[in-house]
Amino acid sequence: MKQFVLAFFITAITTAATAQIQSGNQAPEISLPNANDSIINLSSLKGKVVLVDFWASWCGPCRKSIPSVVRLYNKYKDNGFEVLGVSLDEKKSEWLKAVKYFRMKYTLINDIAAWNSKVAAAYQVEAIPASFLLDRDGKIIMVDEEGKKLENKIKELLQQPFAGKTE
C-alpha cells in the first residue's frame, strides 16, 4: 500500500510539473541579465511572437541550430517576432564569444547557474537546445519544434492580433 501511495504522489508531481510546459499554458517568467548586466524579463516581450531558445556555447547541437534561429529572426523581426536566447554558459566570456561568432542580434540573456538554472528548471529543460514558441499573449504554442513546421507556425501567429490579455 505504501508503494502505491508513493507511486501515486510521484506520478502526480511529475504530471503537474509537465503540465507547466505544455502547449496552451502561460510561459513561466524569465528574468536574467543581458551582456550589459541589465535584467531582461520575458514579460517585456508580450505583444510579440517569441521563440525562447535555451542553448550554450559549448553545445554542439546548439551551435548547429543557431544559424536557423538567426535566419528566422532576421526574416521575421520586423513583423513582431523576437527570439529570447537563454544561454546556460557558466563563463560570460564564452557566451559573448559565441554571440559575436554567430552574429546573434536578438534578445540574449545568460544564466551562469548553467544546469542549476531555476529558469531552465521551470521550463523543465533537460537537454539543449530546447525551444518554446510563444504567442503574443505569452502562451506556449510549440515545444522543441524546428524547420518548416516552426516557420509556418511563426508566420501564422504573426498574422493573429495581440489580444492584450494579462494573466
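As a basis for the values below, the full set of heavy atoms in this structure was taken, side chains included, without hydrogen atoms, waters or symmetry mates.
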Participant: Suppose the criterion is salt bridge (charged side-chain N to carboxylate O under 4.0 Å, His left out): which pairs have a residue in residues 23-39, not counting sequence neighbours?
Facilitator: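 Checked against salt bridge (charged side-chain N to carboxylate O under 4.0 Å, His left out) - neighbours excluded - the pairs reaching residues 23-39 are Asp37-Lys92.
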Participant: With sequence neighbours excluded, what pairs up with Tyr76 under the ring-ring contact (aromatic ring centres under 6.0 Å, His included) test?
Facilitator: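 Once residues adjacent in sequence are excluded, Tyr76 has no partner under the ring-ring contact (aromatic ring centres under 6.0 Å, His included) criterion.
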Participant: Applying the side chain to side chain contact (heavy atoms under 4.5 Å, CB included) test to Trp95, which of Ile112, Asn110, Asp111 qualifies?
Facilitator: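 The residue from Ile112, Asn110, Asp111 that satisfies side chain to side chain contact (heavy atoms under 4.5 Å, CB included) with Trp95 turns out to be Asn110.
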Participant: Do Val119 and Val99 belong together in a cluster built from hydrophobic side chains that touch within less than 4.5 Å?
Facilitator: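 No, Val119 and Val99 fall in different hydrophobic clusters.
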Participant: Answer with yes or no whether the hydrophobic clustering places Tyr101 together with Val83; edges join I, L, V, M, F, W, Y residues whose side-chain heavy atoms lie under 4.5 Å apart.
Facilitator: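 Yes; Val83 is reachable from Tyr101 via cluster members.
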Participant: Would you say the side chain of Leu108 lies within less than 4.5 Å of the side chain of Asn34, judging by non-hydrogen atoms?
Facilitator: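 No, side chains not in contact.
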Participant: Write down the atom of Arg103, the atom of Val70, and the distance for their closest heavy-atom approach.
Facilitator: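 Looking at all heavy atoms of both residues, the closest pair is O-CG1, 4.1 Å.
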Participant: For the hydrophobic clusters of this structure (ILVMFWY residues joined by side-chain heavy atoms under 4.5 Å, transitively), does one cluster hold both Val49 and Met104?
Facilitator: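 Val49 clusters together with Met104.
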Participant: Looking at every heavy atom in both Lys77 and Asn74, which two are closest together, and how far apart are they?
Facilitator: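 Closest approach of Lys77 to Asn74: CG-O, 4.0 Å.
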Participant: Quick check for you: to the nearest 0.5 Å, what is the distance between Arg136 atom CZ and Ile141 atom CD1?
Facilitator: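 Result: 12.0 Å between the selected atoms.
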Participant: How far does CZ of Phe132 sit from CD1 of Ile30, to the nearest 0.5 angstrom?
Facilitator: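 Rounded to the nearest 0.5 Å, the CZ-CD1 separation comes out at 8.5 Å.
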Participant: Just checking, is any N or O donor in the side chain of Glu82 or Thr107 under 3.5 Å from an acceptor N or O on the other one?
Facilitator: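 Yes - a donor-acceptor pair under 3.5 Å links their side chains.
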Participant: Over 60° means perpendicular and under 30° means parallel, so classify the ring planes of Phe54 and Tyr123, tilted if in between.
Facilitator: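 Tyr123 vs Phe54 ring planes: tilted.
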Participant: About how many Å separate SG of Cys59 and NZ of Lys64, when rounded to the nearest 0.5 Å?
Facilitator: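 So the NZ of Lys64 and the SG of Cys59 are separated by 11.5 Å.
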Participant: With rounding to the nearest 0.5 angstrom, report the CG to NZ distance, Leu134 to Lys48.
Facilitator: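 Answer rounded to 0.5 Å: 13.0 Å.
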Participant: Can you tell if the side chain of Leu157 reaches within under 4.5 Å of the side chain of Phe81, non-hydrogen atoms only?
Facilitator: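 Leu157 does not reach Phe81 side chain to side chain.
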Participant: Do you know the tightest heavy-atom contact between Trp55 and Asp53?
Facilitator: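 Closest pair (atom of Trp55, atom of Asp53, distance): CD1-O, 3.4 Å.
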Participant: Under 3.5 Å, side chain of Asn36 to main-chain N/O of Ser38, donor-acceptor pair present?
Facilitator: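 Flag not set: sc Asn36 to bb Ser38 has no pair under 3.5 Å.
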Participant: To the nearest 0.5 Å, what is the distance between NZ on Lys153 and CG on Asp135?
Facilitator: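 Going from NZ on Lys153 over to CG on Asp135, the span is 10.0 Å.
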Participant: Compare all side-chain heavy atoms of Leu84 with those of Tyr106 and state whether any distance is below 4.5 angstrom.
Facilitator: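 Not touching, per the 4.5 Å side-chain cut-off.
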Participant: Could you pull out the closest heavy-atom pair between Leu133 and Ile154, with the gap in Å?
Facilitator: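 Here Leu133 and Ile154 meet closest at CD1-CG1, 3.9 Å.
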Participant: For the atom pair OG (Ser131) and CD (Glu145), what is the distance rounded to the nearest 0.5 Å?
Facilitator: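 Between atom OG of Ser131 and atom CD of Glu145 there are 8.0 Å.
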Participant: On a heavy-atom basis, which atom in Ala56 and which in Asp89 lie closest, and how many Å separate them?
Facilitator: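 Taking Ala56 first and Asp89 second, the nearest heavy atoms are CA-OD2, 3.5 Å.
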Participant: Any side-chain heavy atom of Ile39 sitting closer than 4.5 Å to one from Leu32?
Facilitator: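 No; the side chains remain at least 4.5 Å from each other.
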Participant: How about Ser31 and Asn41: does a side-chain donor come under 3.5 Å of a side-chain acceptor?
Facilitator: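 Present: a donor and an acceptor within the cut-off.
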Participant: Which heavy-atom pair separates Ala114 from Glu90 by the least distance, and what is that distance?
Facilitator: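 Heavy atoms only, the tightest pair is CB-CG, 3.5 Å.
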Participant: Hydrophobic cluster membership, with links at side-chain heavy-atom distances under 4.5 Å among I/L/V/M/F/W/Y: are Ile40 and Leu51 in one?
Facilitator: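 In one cluster: no.
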Participant: If you define the side chain from C-beta out and look only at heavy atoms, does anything of Lys75 sit under 4.5 Å from Glu151?
Facilitator: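 SC-SC contact between Lys75 and Glu151 confirmed.
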Participant: With clusters defined by side-chain heavy atoms of hydrophobic residues (ILVMFWY) lying less than 4.5 Å apart, directly or transitively, does Val86 cluster with Leu150?
Facilitator: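 Result: no, two separate clusters.
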Participant: Is the number of heavy atoms from other residues, nucleotides or ligands under 6.0 Å of Lys155 NZ greater than 12?
Facilitator: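 More than 12 heavy atoms, drawn from other residues, nucleotides or ligands, come within 6.0 Å of this atom.
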Participant: Can a donor-acceptor pair be found, under 3.5 Å and without considering hydrogens, that links the side chain of Arg63 to the backbone of Ser57?
Facilitator: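 Pair found, side chain donor or acceptor close to backbone of Ser57.
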